[in-house]
Amino acid sequence: MSGISRRNFLKAAGLIGGAAATMSLPCRSWGAGTFEGYPDGMGVLVDTTRCIGCRSCEAACNREQNLGEPESSFDDKTVFDQTGEGGVKRRPDENHFTVVNRYDTKEKGPVFRKIQCNHCNEPACLTSCFVNAYTKTKEGAVIYNSKVCVGCRNCMIACPFNVPGYSYSSVTNPIVRKCIFCHETRLKKGLPPACVEICPQEALTFGHRKELLKVGHERIRANPGKYVDQVYGEDVVGGTGWLYLSAAHFDEIGFDTTLGKEPIISNVKDFLGTVPMVLAIWPALFSGFHLLATKKDGHGDHDKQEDDKNENVQS
Amino acid sequence: MRMIWKSAWVLAAVGMASAAVASEIPDTISLKSLSNLYEPVKFDHARHIMGIKDCAACHHHAVGTPTDEGKCKRCHAGTPTLMKAGCSSCHPADPFSAVFLKTREAERAIFHRDTPGLKAAYHRSCTACHEKTSGPTGCLDCHPRTEAGDQLYRSGKYVPTGTAKTSHH
């Protein structure tokens with residue numbers, strides 16, 4: 001390769017590279033944007049200090065969502081002692097969109113905590129779903145269209161709270177199932193979800209997410225020493241529709257306190273933002289490289305090679 | 001079903017309010033807000049008065065010796081509001097209805113923002129005291145279930161048999 005063509009090659013490469021870098025800048029700033037939830041999104045403030053473990057919410061959920069016959073009565077308190085593999089407590093699954101667990105804490109004694117979908121502002125399940133089955137509604141619910149679900153279970157892996165359950169019992173059409181905030185039957189009609197309505201203690205307070213945050217912080221302020229000074233869900237993984245207050249440390253009652261404030265999608269947003277750039281620029285970029293790199297091989301050289309070949313054939 | 005529940009709440013509210021208006025101290029009060037799932041609670045008011053002897057222990061800010069909490073007194077001192085004895089005059093029977101949430105948020109009164117609903121006011125007030133005084137705290141200790149209640153909680157004759165495990169779509 002001669003000196004001149006190398007210089008031209010580097011110049012052109014520099015130009016194309018610069019252009020690519022400039023084009024990728026707006027992509028990156030778009031990728032960093034976050035969604036802080038619909039302004040009128042609803043939520044539930046769960047005050048774990050009020051929960052008495054009566055399991056009424058489980059019973060109400062079972063009826064509202066037609067989840068079929070449970071293993072035992074909802075009066076059965078032995079479920080609190082149930083543990084699965086590795087001592088894991090009960091989790092929501094295909095036939096239980098919510099479960100209440102008991103945690104025996106060091107300082108605060110037994111604490112009951114309800115588990116269900118937290119209805120994230122920026123749901124990881126929604127991001128991970130390649131058939132776009134999930135929707136975050138303006139009312140704040142994360143719902144899904146089971147007709148398009150192909151049962152890939154990406155959302156189960158993506159969810160930071162291990163919420164979506166899989167209908168392993170279905171042989172022909174296994175799909176993912178989870179709490180939908182009673183969206184169809186209640187939320188979109190302005191009614192609270194069934195679990196909130198039945199709760200005897202108002203451990204579950206229903207309202208606009210924005211208002212509930214104020215209520216949560218006010219309860220902490222008004223009762224010094226009672227609560228941990230944190231509303232779990234205010235900013236964890238970009239904020240969740242369901243918010244929690246606790247007297248015991250959150251990690252003691254089964255909350256993951258290592259999740260951070262960034263929505264799960266932020267882990268891949270920058271990467272995904274570069275995909276259109278790569279698709280648009282790279283073909284042109286590498287075509288350019290290829291053209292420049294092969295320019296030195298003029299037709300003369302090509303002919304010479306052909307001649308050499310011919311000679312070989314003749315000899 | 002929800003309508004029945006709602007109307008039950010309203011009935012209870014009216015019952016409590018009229019008792020207050022008549023300024024009589026009832027000996028027994030029938031609490032039937034949840035009468036679709038539970039039998040009415042026959043609340044022995046007289047026995048509680050004899051035992052506690054301080055109206056303010058339950059009727060906070062309203063009658064008897066006002067409690068230290070005094071949140072309501074700040075604004076309502078000397079007004080008829082503070083003379084209301086019925087729980088439902090301040091604790092809403094339907095605290096999460098769209099209409100109620102709207103009025104509460106429009107009001108911007110921070111002291112009203114977190115007022116418990118009627119059902120929670122009863123349960124939290126009663127069970128908190130019963131825990132200290134070894135009173136009954138189990139759900140069925142105060143109100144036995146109706147058949148509809150048994151059906152919902154899968155108890156009594158509705159206890160799961162373990163044979164009907166199905167998948168639902």
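Keep in mind it's a predicted model, so treat the numbers as computed, not measured. Every chain is numbered from 1 and lettered A, B, ... according to where its sequence line falls, protein lines coming before strand lines.
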Asks: So, are A:Lys214 and B:Asp114 salt-bridged, with charged N and O less than 4.0 Å apart?
Replies: no
Asks: Where on A:Ser72 is there a heavy atom nearer than 4.5 Å to chain B: the side chain, the backbone, both, or neither?
Replies: backbone
Asks: For residues A:Ile198 and B:Leu37, determine if any side-chain heavy atom of one lies less than 4.5 Å from a side-chain heavy atom of the other.
Replies: yes
Asks: Kindly indicate whether the side chain of A:Asp76, heavy atoms from C-beta on, has any atom under 4.5 Å from the side chain of B:Arg154.
Replies: no
Asks: A side-chain contact here means heavy atoms from C-beta on lying under 4.5 Å apart; do B:Arg145 and A:Asp75 qualify?
Replies: yes
Asks: Check each atom of A:Leu204 against the heavy atoms of chain B and say whether the ones under 4.5 Å are side chain, backbone, both or neither.
Replies: backbone
Asks: Can you tell which part of B:Leu101 gets under 4.5 Å to a heavy atom of chain A, answering side chain, backbone, both or neither?
Replies: side chain
Asks: Looking at OH of B:Tyr122 and CD of A:Gln201, how far apart are the two atoms once the value is rounded to the nearest 0.5 Å?
Replies: 15.0 Å
Asks: Take atom NZ of A:Lys77 as the centre, draw a 6.0 Å sphere, and report whether it contains more than 12 heavy atoms from other residues, nucleotides or ligands.
Replies: yes
Asks: May I ask you to test the B:Phe96-A:Glu202 pair for a side-chain heavy-atom distance under 4.5 Å?
Replies: yes
Asks: Relative to chain B, which segment of A:Ala222 carries a heavy atom at a distance below 4.5 Å: side chain, backbone, both, or neither?
Replies: neither
Asks: State whether B:Arg113 and A:Glu211 are salt-bridged, where the test is any N-O pair (Lys NZ or Arg NE/NH1/NH2 against Asp/Glu carboxylate O) under 4.0 Å.
Replies: yes
Asks: Is it the case that atom CG in A:Asp81 sees more than 12 heavy atoms from other parts of the structure closer than 6.0 Å?
Replies: yes
Asks: If you round to the nearest 0.5 Å, how far is CZ of B:Arg104 from NE2 of A:His208?
Replies: 13.0 Å
Asks: Tabulate, in ascending numerical order, the residues of residues 123-135 of chain B having at least one heavy atom closer than 4.5 Å to a heavy atom of chain A, or enter 'none'.
Replies: B:His123, B:Arg124, B:Thr127
Asks: Could you report the tightest heavy-atom contact between A:Ser73 and B:Pro160, atom names first, then the distance?
Replies: N-CD, 3.6 Å
Asks: Please rank A:Cys54, A:Ala203, A:Ser56, A:Gly207 by heavy-atom pairs under 4.5 Å with chain B and give me the top one.
Replies: A:Ser56
Asks: For B:Lys102, I'd like to know if atom NZ has over 12 heavy atoms of other residues, nucleotides or ligands within 6.0 Å.
Replies: no
Asks: How many angstroms lie between SG in B:Cys139 and CZ in A:Arg55, if you round to the nearest 0.5 Å?
Replies: 12.0 Å
Asks: Does atom CG of A:Asn132 have more than 12 heavy-atom neighbours from other groups under 6.0 Å away?
Replies: no
Asks: Name the option with the most non-hydrogen atom pairs under 4.5 Å to chain B; the candidates are A:Arg50, A:Met42, A:Glu218.
Replies: A:Arg50
